[in-house]
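Heads up: the structure comes next, in structure tokens.
Start at 1 and go down the list; that is how both ligands and their atoms are numbered. Because the structure is predicted, anything quoted here is derived from the model rather than measured.
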Amino acid sequence: MDVSETIAPVKVRTNMADYDQAYADFKWQDVEKEFSWHETGKVNMAYEAIDRHAETWRKNKVALYYSDENRDEKYTFRDLKRLSNQFGNVLRNIGIEKGERVFLFMPRSPELYVSLLGILKNGSIVGPLFEAFMEQAVRDRLENSDASTLITTKELLPRVPYQELVHLNHIIIVGDAPDQVDETADIAFYSYEEEMKKASPQLDIEWVDREDGMILHYTSGSTGKPKGVLHVHNAMIQHYQTAKWVLDLQEDDIFWCTADPGWVTGTSYGIFGPWLNGASNLIRGGRFSPEDWYKTIETYGVTVWLSAPTAFRRLMAVGDNVAGEYDLSSLRHILSVGEPLNAEVVHWGMKVYQLRIHDHWWMTETGGMIIANYPSMELKPGSMGKPFPGIKAAILDDAGNELPPGQMGKLCIKAGWPSMLRGIWKNEERFKQYFPFEGWFESGDLASIDEDGYFWFEGRDDDVIQTSGERVGPFEVESKLVEHPAVAEAAVIGKPDPVRGEIIKAFVSLRDGYEKSDDLLEELRLFVKQGLAAHAAPREIEIREFLPKTRSGKIMRRVLKAWDLGLPTGDLSTMEE
Ligand code: 6R9
């Protein structure tokens, strides 16, 4: 990577004129003054994101453009205020209280966004689940969170093992009723549409403390079950200011975040950041297709577009002429997050969109953006940019000492930024592990800083896999694989892939009596796909007689990875014979 190459700003019309100035002057406390709760001390994210605008001249401004294959709808801030009030009342009528976990498991739709806002207005904690999750993934999350209520659809209900979830008491079905439900289970079923009809559009919002729980996002680690990362209403300070300065949202923007709200990008920046700024959000349901995406930009006149490296790489793979068939001239700002954005993709973006693709870095645990390339700043292709004002990020060595420019180490952040995670649900021990050095949060990523203060991503410090922008814990996939009768042991690694960032590769040893065959490999793939999620299914499976293990019995993924890539294996002293 060429750390000296820079690309000057393009089409600049920006909220942050000068980065260095902003970094020097900025105080989070000043952002609080943008909100009325600065005085009352009581707050509600949904009020600040929606109602606040519905009470001003913005009331008739379109807050949400929603479209998919079958629907094409618009909702103003006033519409969303009314609908989310109604949904807040639906929950209240059922008896759902502040702090209860209410989960969403459905495809993107206006009802998903209305429900999410209504849950927050009720003071409950929302848990959005990715629609592609299969039974095990759904079960783990609902079980760990002790969710009392689930909002889902007829199509997805079969993947919810509600009979076995002792804390789950209410299921609200959006759309068509299920053909049949297990009436012996201790669950009350409701129709979203019926309940909404009965619910008043007047709601006494539950005003909460800024440190009260707001959202639980489950994310994968390298060991154990997925972790419930807890964020609080206070995170809005960061969502608001980063959307202003990094997304650079302005009054006339049409903003499109392509991420699903099952992932943190789809809530922090698919919902909160833009609406806190009173911007118009576009949500496009359905799957990725280059034609559909470009058509969406053209039809809605998207001005600011946030997506992921894997999407840009796939757009690059279909060839430049596809982009040329659409009018993309409305675009003025493009952003990328989730994985390293290769310099090559930035160069391609300059050629095809005549715009820079702005890489930025953060993670589920940080709740909001931490390091970014800003529209007015010189951009270095391949770099994640510089820390957001008010944030100190550094590269630390294994003892927690700051490393000088040019050296790779642990990417850490000074604890205390507004949207920092406040806990791991029911796992205090795991939460503490994020802070191994006094006052610092450890991200688990490796990075370096160059002489100009730009941050460069170097890799993960653990075994977490990033495939097509989605974070997959090897342990979850391994656990699923070993559930199959043919599998004795499994180890899963991320293998570098030019399009997907990484692909999932599984090493499997078979139980006695099973033979390797193409049918079996296919069956294993399907087993993970149907049991966990399509994106978690291994693209490659290699059968091995033994897997390398430590003496204490831990499978050594790094050794498999090194063998697989033909790299040195490093220290093998703990490996069993
Ligand atoms: C927002 C989100 C977090 C992990 C993170 C890192 C990787 C995110 C990146 C990046 C290189 C970037 N990551 N942005 N790696 N360059 N610009 O993605 O959250 O799903 O929790 O993933 O993603 O490894 O630690 P999450």
Inset, instruction - For Ser268 and Thr265, indicate whether the former's side chain and the latter's backbone hold a donor-acceptor pair under 3.5 Å. - result: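 No: the side chain of Ser268 does not pair with the backbone of Thr265.
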Inset, instruction - Examine His217 together with His231 and report whether their ring centres are nearer than 6.0 Å. - result: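 Here the rings of His231 and His217 have centres that are no less than 6.0 Å from each other.
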Legend entry - is_close_aromatic(Trp293, Phe288), centroid dist under 6.0 Å: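 Trp293 vs Phe288: aromatic centres under 6.0 Å.
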Legend entry - Side-chain heavy atoms of Leu249 within contact of Lys244, under 4.5 Å: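 Heavy-atom side-chain distance check fails, nothing below 4.5 Å.
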Inset, instruction - May I ask you to test the Glu5-Pro381 pair for a side-chain heavy-atom distance under 4.5 Å? - result: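 Side-chain contact under 4.5 Å: yes.
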Inset, instruction - Heavy-atom cut-off of under 4.0 Å around ligand 1: list whichever protein residues fall inside it, by chain and number. - result: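 Lining ligand 1: Val264, Thr265, Val337, Gly338, Glu339, Pro340, Asp359, His360, Trp361, Trp362, Met363, Thr364, Met384, Asp445, Phe457, Arg460, Gln466, Arg471.
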Legend entry - Sequence-distant partners of Tyr218, side chain to side chain donor-acceptor pair (under 3.5 Å), two or more places apart: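 Tyr218: side chain to side chain donor-acceptor pair (under 3.5 Å) contacts with Asn144.
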